[in-house]
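Below you'll find the structure, written out as structure tokens, and then a few comments.
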Amino acid sequence: MKVKTRFAPSPTGFLHIGGVRTALFSWLYARHHGGQFVLRIEDTDRERSTQAAVDAILNGLEWLRLDHDEGPYYQTRRFDRYAEVADRLLREGKAYRCYCTREELEARRADQIARGQNPRYDGRCRTRSGPEPGVEPVVRFRTPDDGVIVVDDLVRGHVEFQNSELDDLILIRSDGTPTFHFGVVVDDGDMGITHVIRGDDHLNNTPRQMHMIRALGYPVPAYGHLPMILGSDGAKLSKRHGAVNVLEYRDEGFLPDALLNYLVRLGWAHGDQELFSREEMIRLFDISGVNASASRFDGEKLKWLNQQYLKASPPESLVGEFERQLQRAGLDPGNGPPSALVIEAYRERAATLRELAEGAAYLYGEPLHVDEAAVRKHLTLAIGAPLALLTARLGELATWTRGEIHGAMTAVAAEAGVGFGKLGQPVRVAVTGGTVSPPIDVTLELLGRERALQRLGRALSLTGSSAVA
RNA sequence: GCUCCCUUCGUCUAGCGGUUAGGACGCGGCCCUCUCAAGGCUGAAACGCGGGUUCGAUUCCCGCAGGGAGCGCCA
């Protein structure tokens with residue numbers, strides 16, 4: 001059997017971490033089995049669906065390169081089809097018109113809850129003889145009264161439901177539009193979906209959907225319900241943890257493959273392996289190995305992974321996104337050393353491209369901020385003379401390379417009778433404004449002779465030394 | 001309230017009847033070192049509770065507790 005999976009988000013919000021993980025597992029399942037991956041936009045709720053959300057979903061998937069083979073389909077363009085199927089069900093007696101009003105329904109629900117019952121529609125319109133004047137009916141599905149239905153879930157295993165617990169779901173609203181449940185089963189059937197991999201929150205809906213699919217005469221797909229992703233505090237994912245547009249991770253300087261790698265390890269593992277390339281994920285992913293329990297989102301581990309990817313990527317491949325980060329910080333990439341060299345020097349000092357750009361800001365203009373305490377500590381009177389000597393020597397260098405620079409510093413340190421570090425750190429503070437940077441020779445090389453000498457000269461005056469060479 | 005699901009270090013997880021319960025993030029220490037990192041070594045840190053089954057349970061079964069989801073003319 002040819003595998004066909006789908007990702008079916010409703011465009012009522014942006015694509016967030018939880019949605020991405022669902023899409024990823026569904027995509028991986030299809031790719032692993034050489035099958036197809038369908039994208040379907042479930043926009044039957046016309047009140048809450050927006051084009052902006054559709055765009056956010058499409059852009060997010062594109063950034064992550066979770067490519068689909070079919071779609072995107074839009075349910076709003078298939079209303080005729082749903083109406084046609086509903087009519088057929090009505091004719092076959094598998095569905096019926098219900099004239100109960102919302103008010104009546106609500107009152108009965110409240111009553112049932114008060115009596116400690118599972119609130120559900122009582123099926124009273126099943127046997128109704130004729131229409132109720134003045135009421136636009138809904139179409140309800142006739143669910144079996146008794147017996148059990150079993151969901152053999154790919155991740156949960158055998159789950160049983162009593163049919164008596166299930167009520168008659170609405171297929172078509174009184175305004176003629178289909179509900180989510182109906183759209184899902186008609187679409188999954190029409191599109192030939194073989195494996196439905198979706199969030200855990202749908203497990204309880206599954207038995208009813210299975211009944212509908214059977215009534216429609218479609219083969220019942222296999223189901224796999226993925227556990228939820230919670231925030232780092234164990235609470236439901238919200239805006240303050242990870243329920244933000246996935247594209248914000250791009251803006252924060254994360255790499256798409258790193259994010260996917262992080263997500264694939266939430267609920268799934270392959271022994272002790274932590275790093276998975278796309279190809280490895282596809283080759284090794286197995287839905288039967290997916291955990292049934294919810295997991296928490298850990299931003300620290302995501303950062304660690306991102307740095308692993310930063311260190312492993314060819315610097316040239318990061319240039320584009322790095323330069324966007326510089327621009328975002330108000331810096332001009334053209335006003336500094338070649339980006340690939342900066343990335344090379346900084347990537348083991350930054351977890352994200354944004355951090356990388358911020359750390360290297362002094363290479364593109366005056367330091368954004370100067371660590372005054374470091375200035376007082378390192379740019380002392382005592383270091384003035386060695387610093388002046390070094391400045392002079394650097395000015396005489398034939399070529400501005402880290403090797404030459406290092407040689408000059410070693411020589412000056414020796415002549416001045418100070419350790420390399422005693423000289424290096426003041427230089428670092430002088431040229432970067434802070435105490436953190438790549439090895440000082442590399443730092444100076446990247447900065448360039450002109451800027452380096454200029455900043456050293458200025459620092460000299462701060463030491464209070466008059467020994468300007 | 002009812003139905004369903006879940007439960008191994010703080011976190012992500014390995015484990016699929018017998019292990020000194022392994023790895024990773026984070027945290028501590030040491031090494032390396034011109035700073036910060038990166039890297040290496042290393043330390044602390046877990047089987048929710050109670051019953052069974054079994055020669056033997058983290059592992060299988062049943063309760064309990066705790067957490068979660070669903071119960072809409074939302075998806």
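The sequence lines fix the lettering, A, B, ..., with proteins before strands; numbering per chain opens at 1.
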>> Categorize A/Glu106 for me: base, sugar-phosphate, or nothing, with a 4.0 angstrom heavy-atom threshold over every strand shown.
In response: nothing

>> Mind checking if A/Val159 touches a base, just sugar-phosphate, or nothing, with heavy atoms under 4.0 Å?
In response: sugar-phosphate

> Base, sugar-phosphate, or nothing for A/Pro9, non-hydrogen atoms under 4.0 angstrom?
Replying inline: nothing

>> How many whole angstroms separate atom CG of A/Asp175 from atom P of B/G72?
In response: 18 Å

> CG of A/Leu24 to CG of A/Leu64: how many Å apart, nearest 0.5 Å?
Replying inline: 8.5 Å

>> Counting the atoms with a prime plus P, OP1 and OP2 as sugar-phosphate, which does A/Ile440 contact under 4.0 Å by heavy atoms, base, sugar-phosphate, or nothing?
In response: base

> With respect to the side chain of A/Lys236, which nucleotide from B/A69, B/C25, B/G72 is positioned closest?
Replying inline: B/A69

>> Rounding to an integer number of Å, can you tell me how far A/Arg108 CZ sits from B/C71 P?
In response: 19 Å

> What's the closest nucleotide to the A/Lys301 side chain, out of B/C25, B/U35, B/A38?
Replying inline: B/C25

> Ignoring hydrogens and angles, are the base of B/G1 and the side chain of A/Gln112 linked by a donor-acceptor pair under 3.5 Å?
Replying inline: no

> Given atom CG of A/Asp167 and atom P of B/C71, what is their separation to the nearest angstrom?
Replying inline: 10 Å

> Which part of the nucleic acid does A/Arg296 contact within heavy-atom distance under 4.0 Å: base, sugar-phosphate only, or nothing?
Replying inline: sugar-phosphate

> Hey, does A/Thr44 reach any base, or is it just sugar-phosphate, or nothing, if we go heavy atoms under 4.0 Å?
Replying inline: sugar-phosphate

>> Please compare A/Pro438 and A/Ile113 by the position of their nearest nucleotide in RNA chain B and report the one closer to 5'.
In response: A/Ile113

> If pairing requires Watson-Crick or G-U wobble contacts with both distances under 3.5 Å, which nucleotide is the partner of B/C9?
Replying inline: none

> Do the side chain of A/Arg156 and the base of B/C6 come within less than 3.5 angstrom through a donor-acceptor pair of N or O atoms?
Replying inline: no

> Would you say the side chain of A/Asp201 and the base of B/G70 hold a donor-acceptor pair, judged only by whether the two atoms sit under 3.5 Å apart?
Replying inline: no

> Given that both distances must come in under 3.5 Å, which nucleotide forms a Watson-Crick or G-U wobble pair with B/C30?
Replying inline: B/G40

> With both distances under 3.5 angstrom, what nucleotide forms a Watson-Crick or G-U wobble pair with B/C4?
Replying inline: B/G68

> Between the base of B/A14 and the side chain of A/His270, is there any donor-acceptor pair under 3.5 Å?
Replying inline: no

> Does the salt bridge (charged side-chain N to carboxylate O under 4.0 Å, His left out) test come out yes or no for A/Arg349 and A/Glu355, once each step is laid out?
Replying inline: CA-CA 9 Å; A/Arg349 299 180 164 71; A/Glu355 286 180 13; over 6 Å; no

>> Does the structure place the NZ or CZ of A/Arg198 under 6.0 Å from the centre of the six-membered ring of A/Tyr223, at an angle of no more than 45° from the ring's axis?
In response: no

> Taking the side chain of A/Asp272 as its heavy atoms from C-beta onward, which of B/G23, B/C71, B/C73 lies nearest to it?
Replying inline: B/G23

>> Taking any heavy-atom pair under 4.0 Å as a contact, classify A/Met228: base, sugar-phosphate, or nothing.
In response: sugar-phosphate

>> Using the side-chain heavy atoms of A/Phe420, tell me which of these nucleotides is nearest: B/C34, B/U35, B/G72.
In response: B/C34

> Taking OH from A/Tyr262 and P from B/C12, how many angstroms apart are they, rounded to a whole number?
Replying inline: 8 Å

> Which one, B/C71, B/U35, B/A14, comes nearest to the side chain of A/Arg208?
Replying inline: B/C71

>> Could you tell me if A/Gln273 and A/Glu280 have a donor-acceptor pair between their side chains, going purely by distance under 3.5 Å?
In response: yes

>> Nearest to the A/Pro439 side chain among B/A24, B/G72, B/U35, which nucleotide is it?
In response: B/U35

> For the pair made of CZ in A/Arg349 and C1' in B/G39, what is the distance, rounded to whole Å?
Replying inline: 12 Å

> Considering residues, nucleotides and ligands other than A/Asp175, do more than 12 of their heavy atoms fall under 6.0 Å from its CG?
Replying inline: yes

> Rounding to the closest angstrom, what is the interatomic distance between B/C5 and B/C61 at atom P?
Replying inline: 13 Å

>> Distance check, P atoms only: B/C12 and B/G48, in whole angstrom units.
In response: 14 Å

> How long is the line joining CG of A/Asp286 and P of B/C16, in whole Å?
Replying inline: 16 Å

> Any chance the rings of A/Phe180 and A/His202 have centres within less than 6.0 Å?
Replying inline: yes

>> Between B/G43 and B/A21, how far apart are the two P atoms, rounded to whole Å?
In response: 15 Å

> What does A/Phe161 touch in the nucleic acid at a heavy-atom separation under 4.0 angstrom: a base, only the sugar-phosphate, or nothing?
Replying inline: sugar-phosphate

> If only atom types and distance count, is the side chain of A/Asn291 paired as donor or acceptor with the main-chain N or O of A/Ser293 below 3.5 Å?
Replying inline: no

>> Between A/Asn291 and B/A14, is there a contact of a side-chain N or O with OP1 or OP2 at under 4.0 Å?
In response: yes

> With rounding to whole Å, what would you report as the distance between B/G15 and B/U19 at their C1' atoms?
Replying inline: 9 Å

>> With a 4.0 Å cut-off on N to O distance, would you call A/Glu404 and A/Arg393 a salt bridge?
In response: no

>> For B/G68 and A/Ser293 - does any side-chain N or O of the residue sit under 4.0 Å from the phosphate oxygens OP1/OP2?
In response: no

> Roughly how far apart, to the nearest Å, are B/C47 and B/G68 at atom P?
Replying inline: 22 Å

>> Are A/His195 and A/Tyr29 an aromatic pair, judged by ring center distance below 6.0 Å?
In response: yes

>> Using atom P in both nucleotides, what's the gap between B/C9 and B/A45 to the nearest angstrom?
In response: 14 Å

> Which is true for A/Arg347 with a 4.0 Å heavy-atom rule: it touches a base, it touches only sugar-phosphate, or it touches nothing?
Replying inline: nothing

> When rounded to the nearest Å, what value does the distance between C1' atoms of B/A57 and B/A44 take?
Replying inline: 27 Å

> So what's B/G63 paired with, Watson-Crick or G-U wobble, going by both distances under 3.5 Å?
Replying inline: B/C49

> Can you find a side chain N or O atom of A/Gln308 that sits less than 4.0 Å from OP1 or OP2 on B/G39?
Replying inline: yes

> Are A/Arg21 and A/Phe25 in a cation-pi contact, defined as NZ or CZ under 6.0 Å from the six-membered ring centre and within 45° of the axis?
Replying inline: yes

> Does a side-chain N or O from A/Lys311 land closer than 4.0 Å to OP1 or OP2 of B/G39, or not?
Replying inline: yes

> Say you pick atom P in B/U7 and the same atom in B/U59; how far apart are they, in whole Å?
Replying inline: 12 Å

> Please give, in whole Å, the distance from B/C12 P to A/Trp304 CH2?
Replying inline: 16 Å

>> Go nucleotide by nucleotide along RNA chain B from the 5' end; which of A/Asp200 and A/His181 gets its closest nucleotide reached first?
In response: A/Asp200

> Base, sugar-phosphate alone, or nothing: which one does A/Ser295 contact when heavy atoms must sit under 4.0 Å apart?
Replying inline: sugar-phosphate

>> Pairing check on B/A14: which nucleotide meets the Watson-Crick or G-U wobble criteria with it, both distances under 3.5 Å?
In response: none

> What's the CD-C1' distance between A/Glu165 and B/C4, to the nearest Å?
Replying inline: 10 Å

>> With a 3.5 Å cut-off and heavy atoms only, can you find an N or O donor on one side and an acceptor on the other between the side chain of A/Ser174 and the base of B/C73?
In response: yes

>> For a quick check of understanding: with a heavy-atom distance under 4.0 Å over all strands, which category does A/His202 fall into, base, sugar-phosphate or nothing?
In response: base

> With a 4.0 Å cut-off on heavy atoms, is A/Glu42 in touch with a base, just the backbone sugar-phosphate, or nothing at all?
Replying inline: sugar-phosphate

